[in-house]
Amino acid sequence: LTKVILVKLRDRSYPLYIRADLLKQAGPLIRKAVPSRKVALVSTSFLFKTYGRSLMKSLQSSGFCADPILVPDGEIHKNEKTLFNILQKTASLRLQRDSGLISLGGGVLCDLAGLAAALYMRGIAYVQCPTTLLAQVDASIGGKTAIDFYGIKNLVGCFYQPKAVLIDPSVLVTLSERHFKTGLAELIKHGIIQDERLFRKIENNTDAILSRDLNLLPGLIARSCEIKAGIVSEDEREVGKRAWLNYGHTLGHALESYYGYRLLTHGEAIAYGMCFAAKLSAHLGVCSPSIAQRQVRLLKQVKLLRKIPRFNLEIVFRKMFLDKKARSGRILFILTRKLGLVTIKKNIPSSTIFSVLTQFQSETRKMP
Ligand SMILES: NC(=O)c1ccc[n+]([C@@H]2O[C@H](COP(=O)([O-])OP(=O)(O)OC[C@H]3O[C@@H](n4cnc5c(N)ncnc54)[C@H](O)[C@@H]3O)[C@@H](O)[C@H]2O)c1
Ligand SMILES: [Zn+2]
């Protein structure tokens with residue numbers, strides 16, 4: 001059975017459909033999302049070959065005229081050049097105001113194609129088929145689109161909600177181990193911030209999850225999507241509780257950047273960030289030490305805490321204050337109260353953060 005979750009944003013509401021092998025039956029769902037029968041499918045050549053062909057077949061049997069737009073793979077191509085190449089193709093394919101743009105790929109493609117869909121003719125219908133775990137539980141929900149520009153990640157972009165998101169967990173079997181686990185970090189995060197049961201389910205099934213058991217993944221992904229969709233529905237523009245989703249991201253972003261975006265994946269970086277946030281929460285008495293330990297234990301258990309070379313405390317500390325979420329020199333911190341409940345703290349003295357970071361640094365030396 002297909003699970004349907006609604007992102008509720010008044011006239012911009014849209015469904016997330018979740019089911020193994022969904023892409024083979026995508027045509028009828030995309031018919032509901034796109035006004036005309038003309039669409040283009042943005043993907044990489046690997047993903048197009050592996051999953052795009054059957055998606056195209058389904059589109060064609062639903063009466064669509066569908067053309068592929070292939071783009072090079074990887075974050076380094078999430079830039080203005082690829083964006084304008086997509087736009088050039090949509091123009092030469094003569095997509096119209098009522099045509100649709102479909103993305104088939106990870107978070108990079110979601111962000112790129114979403115921005116292209118927003119810009120082309122001031123916005124055409126956009127449908128996402130996320131193919132990484134990170135994109136399925138995170139990047140494809142909430143309408144943030146962007147390219148990297150001027151050496152800064154996600155500097156240029158806009159909010160543009162898709163018309164539908166088609167999530168097919170069976171495509172995750174070909175994903176590399178590291179990319180799978182980077183998405184798992186966000187899934188665990190969703191448990192920590194909103195749902196103790198989800199957290200416990202992950203704790204109790206780590207082996208099955210790591211072996212990508214398709215009896216388990218669709219349910220976990222659906223619950224995780226429900227959590228993000230609920231938060232986004234209440235706070236589309238991140239003025240309030242959408243900030244919860246940044247749990248673990250203050251130190252996470254700082255470490256990612258410190259190691260030049262190469263040593264750690266995003267998920268590995270936020271896994272460290274979540275350990276730190278947990279530790280800080282316990283230090284401030286916001287949660288009990290055992291709640292913090294449970295988070296660290298799970299992140300260890302799924303092997304998200306890779307050994308990292310010693311980082312320079314001052315530099316990482318400074319980078320935390322450069323984070324987008326740091327307003328006027330104060331870091332906005334998301335802390336755990338208990339599993340399934342977080343709170344936003346604005347006035348933590350920087351000396352406290354520095355001293356907990358110092359302890360954390362020495363602990364990470366012994367971590368995995
Ligand atoms: N818009 C948002 O709200 C949001 C949220 C989180 C992250 N993001 C963005 O997402 C991006 C990261 O996304 P990502 O981690 O998915 O990276 P990615 O899109 O680069 O995908 C990772 C790699 O896996 C490959 N791949 C994708 N699906 C596959 C599959 N099923 N089988 C085999 N290989 C597959 C990709 O081609 C790529 O090489 C970043 O640019 C980030 O800024 C956006
Ligand atoms: Zn993240």
Side-chain angles (χ1 to χ4, degrees), residues 7 14 16 18 23 41-44 46-48 50-52 69-80 82-83 86 101-118 126-149 152-162 164-169 171-172 174-190 217 221 224-225 227-229 231-232 238 242 245-246 248-249 252-253 256-257 261-262 264-271 273 304 324:
V7 181
Y14 55 95
L16 317 170
I18 301 150
L23 290 183
L41 175 66
V42 186
S43 195
T44 64
F46 170 77
L47 291 169
F48 184 73
T50 316
Y51 303 110
I69 298 178
L70 299 184
V71 301
D73 187 31
E75 180 81 30
I76 50 159
H77 297 290
K78 191 174 136 177
N79 57 23
E80 69 281 12
T82 314
L83 175 70
I86 297 172
L101 199 65
I102 305 169
S103 67
L104 174 71
V108 166
L109 264 162
C110 292
D111 282 10
L112 255 175
L115 185 54
Y126 178 44
V127 174
Q128 294 184 123
C129 304
T131 62
T132 63
L133 184 57
L134 180 99
Q136 296 191 343
V137 302
D138 189 357
S140 68
I141 310 163
K144 285 188 181 175
T145 78
I147 54 170
D148 305 333
F149 189 67
I152 300 173
K153 254 189 77 96
N154 297 331
L155 188 70
V156 174
C158 66
F159 283 93
Y160 191 67
Q161 302 294 344
V165 182
L166 277 59
I167 298 173
D168 181 346
V171 306
L172 299 178
T174 51
L175 200 57
S176 75
E177 174 90 21
R178 282 188 90 188
H179 281 121
F180 181 77
K181 285 202 300 202
T182 207
L184 188 54
E186 303 284 2
L187 217 162
I188 292 172
K189 179 194 78 182
H190 288 155
L217 284 180
I221 292 169
S224 183
C225 289
I227 291 168
K228 178 151 186 193
I231 291 174
V232 165
E238 199 168 326
R242 190 162 178 169
L245 295 165
N246 297 320
H249 281 58
H253 283 150
E256 239 183 322
S257 144
Y261 295 96
R262 276 186 305 272
L264 296 178
T265 64
H266 177 68
E268 290 160 354
I270 68 156
L304 264 163
K324 274 204 296 279

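The model shown is predicted, which means the values in this text are computed figures rather than measured ones.
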**Prompt:** When rounded to the nearest 0.5 angstrom, what is the spacing between CG in N246 and NZ in K189?
**Reply:** 7.0 Å
**Request:** Please identify each residue that fulfils side-chain hydrogen bond (donor to acceptor under 3.5 Å, both in side chains) with D73, with sequence neighbours left out.
**Result:** none
**Fill in**
Applying side-chain hydrogen bond (donor to acceptor under 3.5 Å, both in side chains) to T82 and not counting sequence neighbours gives N79
**Asked** Shortest non-hydrogen contact from I167 to C225?
**Response** CD1-SG, 3.7 Å
**Asked** Do N154 and K144 have side-chain heavy atoms sitting under 4.5 Å apart?
**Response** no
**Item:** From CD1 (I221) to CD (Q136), nearest 0.5 Å
**Value:** 4.5 Å
**Item:** Minimum heavy-atom distance between V156 and L115, given as atom pair plus value
**Value:** O-CD2, 3.8 Å
**Prompt:** If you round to the nearest 0.5 Å, how far is CD of E80 from CG of L155?
**Reply:** 11.0 Å
**Prompt:** Any side-chain heavy-atom pair from T145 and C158 closer than 4.5 angstrom?
**Reply:** yes
**Prompt:** Can you name the residues that form a side chain to side chain contact (heavy atoms under 4.5 Å, CB included) with L104, not counting sequence neighbours?
**Reply:** L23, L41, S43, Y51, L55, C129, T131
**Prompt:** Can you list the residues that meet the side-chain hydrogen bond (donor to acceptor under 3.5 Å, both in side chains) rule with E75, with sequence neighbours excluded?
**Reply:** K153
**Request:** Could you pull out the closest heavy-atom pair between Y126 and A117, with the gap in Å?
**Result:** CB-CB, 3.7 Å
**Prompt:** Distance from L166 atom CG to I102 atom CD1, nearest 0.5 Å?
**Reply:** 8.5 Å
**Request:** Starting at CD1 of I231, measure out to CD of E238 and round the result to the nearest 0.5 Å.
**Result:** 10.5 Å
**Asked** Taking all non-hydrogen atoms of both residues, which atom of P130 and which atom of C110 are closest, and how far apart?
**Response** CB-SG, 4.4 Å
**Asked** Mind checking what makes side chain to side chain contact (heavy atoms under 4.5 Å, CB included) contact with H266, not counting sequence neighbours?
**Response** L134, T182, E186, H249, H253, E256, I270
**Request:** Check side-chain hydrogen bond (donor to acceptor under 3.5 Å, both in side chains) between K228 and all other residues, then give those that pass, not counting sequence neighbours.
**Result:** D138
**Request:** State, to 0.1 Å, how close G107 and A139 come at their nearest heavy-atom pair, and which atoms those are.
**Result:** CA-CB, 3.9 Å
**Request:** Kindly determine whether V232 and R242 satisfy side chain to side chain contact (heavy atoms under 4.5 Å, CB included), including the steps that lead there.
**Result:** CA-CA 6 Å; V232 165; R242 190 162 178 169; 3.8 Å; yes
**Fill in**
Here the pair of heavy atoms bringing G143 nearest to Y14 is N-OH, 4.1 Å
**Request:** Output the distance between atom CG (L217) and atom CD1 (I18), rounded to the nearest 0.5 Å.
**Result:** 12.0 Å
**Message:** Keeping Q128 on the side-chain end and V165 on the backbone end, is there a donor-acceptor pair under 3.5 Å?
**Reply:** no
**Complete:** Those residues at least two apart in sequence (or on a different chain) that pass side chain to side chain contact (heavy atoms under 4.5 Å, CB included) with S224 are V137, L187, H190
**Request:** Using the test salt bridge (charged side-chain N to carboxylate O under 4.0 Å, His left out), find all partners of D111 that sit at least two apart in sequence or belong to another chain.
**Result:** K78
**Request:** Could I get the full list of side chain to side chain contact (heavy atoms under 4.5 Å, CB included) partners for A116, not counting sequence neighbours?
**Result:** L83, I86, L87, L101
